[in-house]
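All remarks here apply to the structure that follows.
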Amino acid sequence: MARGMVIIGAGECGGRAALALRDLGYDSPVTLVGDEPHLPYERPPLSKEAMASDAPEIKAIASDALLAEKSIRHIHSVQAVAIDRAAHTVRLSDGSVLSYDKLLLATGSTPRKLPMPGLGARCVYLRTFADALAIRGHLSAGSRIAIIGGGFIGLELAATSRKLGASVTVIEAQPRILMRGVPAEIAEIIHQAHVAEGVDILCGDGIASVADDGNEVRVKLAGGREISADLAIIGIGAVPVTGLAAEAGLMIDNGIAVDAELRSSDPDIFAAGDCCSFPLAVYGGRRVRLEAWRNAQEQGALAAKNMLGAGEAHAAVPWFWSDQYGLSLQIAGLSDEGKSTVRRDLGDGAFILFHLAGDGRLVAASGIGPGNAVARDIRLAEMLIGKHARPAPEALGSQAVKLKSLLAA
Amino acid sequence: MSDWVEACAADDIDEEDVMRFDHGGRTFAIYRSPDDEYFATDGLCSHEKVHLADGLVMDDIIECPKHNGRFNYKTGAARGAPVCVNLKTYPVKVDAGKVLVQIR
């Protein structure tokens, strides 16, 4: 009898993988193990406008009824503590042991900790719904929020905090916000939007000390400025959760190292989503690790296929989005692959920067604008990137040329 | 009672494209297929209430501009994660160069 499939991590990736196994017709046991008390849920809303509501709710990926209908066993509020690769078993924190034919590690990532003394209960990170609720409890008119880190989590939380009337200071050690992965021209638009909404953004100044006395947090910057806040939210990146894999002797390389089919150094163990590094085919196999919702979803589904023996290589182009105030940013591909850029204006202040490699190949596109103004063209750019297209720069830059026409070329 | 409502001129929409149409406090998406037929669905994605008319039409599929939820706009059928709820569709006819939608 089949032992079945075990998935560790019940987030976007693990949840999608479990559903995909059933959609693919797999009929032996599927067990989904998560350390949170909730159904698998979507994390992107945790930093966005949805959290501004009076009673934020979980956006579940699957209801209890659906999990029951699909015969997916969801074990919640427990951690996987050890893998016995020879026996094909996983031991859980409640003492139980699960047997597997194939194991999927979808353990995700965890916020990078600020390596500094003085942090207390008013210094928080955001990863889970519980974290988001705790933050929400501090957001109100007149509350003072210090956000450490001018990345996406921090900036989205800044926008949500402003919506609720809190006063917000964003502290970024780098010379500008969104240094990682976002072109300066687009970061500047986002910066100005925050300033217009009353956010104080301090760039290029490191943190000298943090003191949390339980009533307030005082953040001292290297340049001498001091910020007092009711809550300090730290958003300085994320690190992959690899402890379980590392202890089991799996190869780790900025995440659980997997091949193009998402298989780890043990052929019966797969890894997908934020926790893994994988060869990105579109850039000739460059090894990357992505912390992105769509990647988690796509890799969860692909891992499910390959656990069933499909042997399908990952071929997707990375895609990412962020919403702040009325602005939406979308990025297809990794812009650091580009050597030159071409700008295409779409009207209403919306524009896309196309990033071209030295040989003229389109390798990434970064767009920003009101609402979903850039969505359609970013999607077309994503397809062009996937096809290794070399569109003429003049065509990319001209609104008169439809991007869809370049796809056919 | 079901009324035929004028949504737009037939040539307001390119082939293999989509346009938003608001009427009576509701929002719809009107499609023109690559083989020059017209279709209509509810205007908002069933996943997160995003206007589908900002999305991309490829063949008989509309992709949500936000999270790549896919629907067959001819039938309204959801085509995989993250969408699982189908779109409602509406009868469409073209008369004297106008696109008319039967709103129920």
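Just so we're on the same page: letters track the sequence lines, and every chain starts at 1. As the structure is a prediction and not an experimental result, all values here were calculated from the model.
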Cut-off 4.5 Å, heavy atoms of chain B, and the answer for A/Pro45 is side chain
Does atom NZ of B/Lys88 have more than 12 heavy-atom neighbours, drawn from other residues, nucleotides or ligands, at distances under 6.0 Å?
-> yes
So, the part of A/Asp323 with a heavy atom under 4.5 Å from chain B: the answer is side chain
dist B/Leu52:CG -> A/Asn372:CG (nearest 0.5 Å) comes out at 10.0 Å
- request: Please indicate whether A/Lys48 has more than 12 foreign heavy atoms, meaning atoms of other residues, nucleotides or ligands, lying under 6.0 Å from its NZ.
  value: yes
If one checks every heavy atom of A/Glu42 against chain B at 4.5 Å, the contacting part turns out to be side chain
In terms of heavy-atom contacts, A/Ser328 and B/Lys66 come closest through OG-NZ, 3.1 Å
**Prompt:** Is the side chain of B/Glu63 donor-acceptor paired with the backbone N or O of A/Arg379 at a distance under 3.5 Å, no angle test?
**Reply:** no
Output yes when a side-chain donor or acceptor of A/Lys404 lies under 3.5 Å from a complementary backbone atom of B/Val57, and no otherwise. yes
Residues of residues 62-70 of chain A with a heavy atom under 4.5 Å from any heavy atom of chain B, in residue-number order, are none
When the 4.5 angstrom heavy-atom criterion is applied to A/Glu298 and chain B, the contacting part is neither
Looking only at heavy atoms, the pair that brings A/Trp321 and B/His67 closest together is CZ2-NE2, 3.1 Å
Would you find a donor on one side and an acceptor on the other, under 3.5 Å apart, between the side chain of A/Arg376 and the backbone of B/Ala53? yes
Among residues 68-78 of chain B, residues within the sub-4.5 Å heavy-atom range of chain A, in order of number, are B/Asn68, B/Arg70
- Query: Would B/Met58 and A/Leu407 count as a side chain to side chain contact (heavy atoms under 4.5 Å, CB included) if you check the C-alpha gap in whole Å, the side-chain angles of each, and the deciding distance to 0.1 Å?
  - Reply: CA-CA 11 Å; B/Met58 295 292 275; A/Leu407 203 55; 3.7 Å; yes
For residues 5-24 of chain B against chain A, heavy atoms under 4.5 Å, the residues are B/Asp14, B/Glu16, B/Asp17, B/Val18
Within residues 31-45 of chain B, the residues sitting under 4.5 Å from chain A by heavy atom, in sequence order, are none
